[in-house]
Amino acid sequence: VQLQASGGGLVQPGGSLRLSCAASGIIFSGYIMGWYRQAPGKQRELVAHITNVGSTNYADSVKGRFTISRDNAKNMVFLQMNRVNPEDTAVYFCNSVPRYYNWGKGTQVTVSS
């Protein structure tokens with residue numbers, strides 16, 4: 001199983017970024033998929049998840065700013081991040097919800113001016 005997150009980088013406060021995650025080795029459409037993040041010195045947290053039919057749920061800290069989506073045909077899940085702020089700085093990972101698989105490497109998002 002591979003969960004490969006990409007699309008991170010340095011972005012200014014108020015800016016936007018789109019993360020992608022490619023999944024292989026799993027029956028992707030059968031799982032709820034989520035984006036997690038881990039900031040320096042903090043525990044990893046689930047920030048958004050999406051069911052196999054597209055129902056979504058968000059952590060309060062990102063609600064109204066982030067949008068999760070998925071493409072079951074391509075085994076991919078996405079996170080559109082808008083109006084980012086420094087508190088969004090973290091390494092972002094995708095995985096199933098609940099988490100069944102080992103963590104991939106993640107992608108670093110740094111929000112700074």
Side-chain angles (χ1 to χ4, degrees):
V1 174
Q2 283 197 329
L3 297 166
Q4 183 79 31
S6 62
L10 175 63
V11 60
Q12 292 187 340
S16 297
L17 212 56
R18 188 179 193 232
L19 307 184
S20 300
C21 175
S24 59
I26 65 172
I27 303 174
F28 180 81
S29 60
Y31 291 94
I32 297 172
M33 294 299 296
W35 281 98
Y36 301 74
R37 70 183 180 187
Q38 186 165 21
K42 295 188 177 180
Q43 287 191 336
R44 201 166 312 202
E45 63 172 342
L46 176 65
V47 296
H49 67 264
I50 184 166
T51 70
N52 57 350
V53 294
S55 296
T56 59
N57 195 271
Y58 300 91
D60 287 344
S61 58
V62 307
K63 199 172 294 183
R65 301 186 298 120
F66 290 9
T67 302
I68 188 171
S69 60
R70 66 191 292 165
D71 184 335
N72 288 336
K74 296 182 178 179
N75 284 11
M76 296 191 72
V77 61
F78 307 97
L79 187 68
Q80 178 66 42
M81 306 170 62
N82 295 331
R83 303 198 314 275
V84 297
N85 58 59
E87 289 70 40
D88 296 320
T89 294
V91 181
Y92 285 73
F93 305 84
C94 67
N95 212 312
S96 60
V97 179
R99 183 181 70 84
Y100 292 118
Y101 302 104
N102 291 334
W103 296 109
K105 287 187 177 181
T107 187
Q108 174 71 49
V109 172
T110 302
V111 183
S112 175
S113 55

Among N75, N72, L3, I68, side-chain contact (heavy atoms from CB on, under 4.5 Å) partner for M33
L3
Should [X] and [Y] count as side-chain neighbours, where that means a heavy-atom distance under 4.5 Å?
X   : Y    : answer
E45 : V47  : yes
R70 : F28  : yes
S6  : K105 : no
L19 : V109 : yes

The criterion is side chain to side chain donor-acceptor pair (under 3.5 Å); which residues satisfy it with Q80, sequence neighbours excluded?
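With neighbours one apart ignored, the set is N82.
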Applying side chain to side chain donor-acceptor pair (under 3.5 Å), can you list everything that pairs with S69, at least two apart in sequence or on another chain?
none
Measure from the ring center of Y101 to the ring center of Y31 and say whether it is less than 6.0 Å.
yes
Is there a path of hydrophobic side-chain contacts, each under 4.5 Å between heavy atoms of I/L/V/M/F/W/Y residues, joining V62 to V11?
yes
To which residues is Y36 joined in a hydrophobic cluster, defined by side-chain heavy-atom contacts under 4.5 Å among Ile, Leu, Val, Met, Phe, Trp and Tyr, whether direct or through other members?
I32, L46, V91, F93, V97, W103
Around atom CD of Q4, are there more than 12 heavy atoms from other residues, nucleotides or ligands closer than 6.0 Å?
no
Which heavy-atom pair separates Q108 from A90 by the least distance, and what is that distance?
NE2-O, 3.5 Å
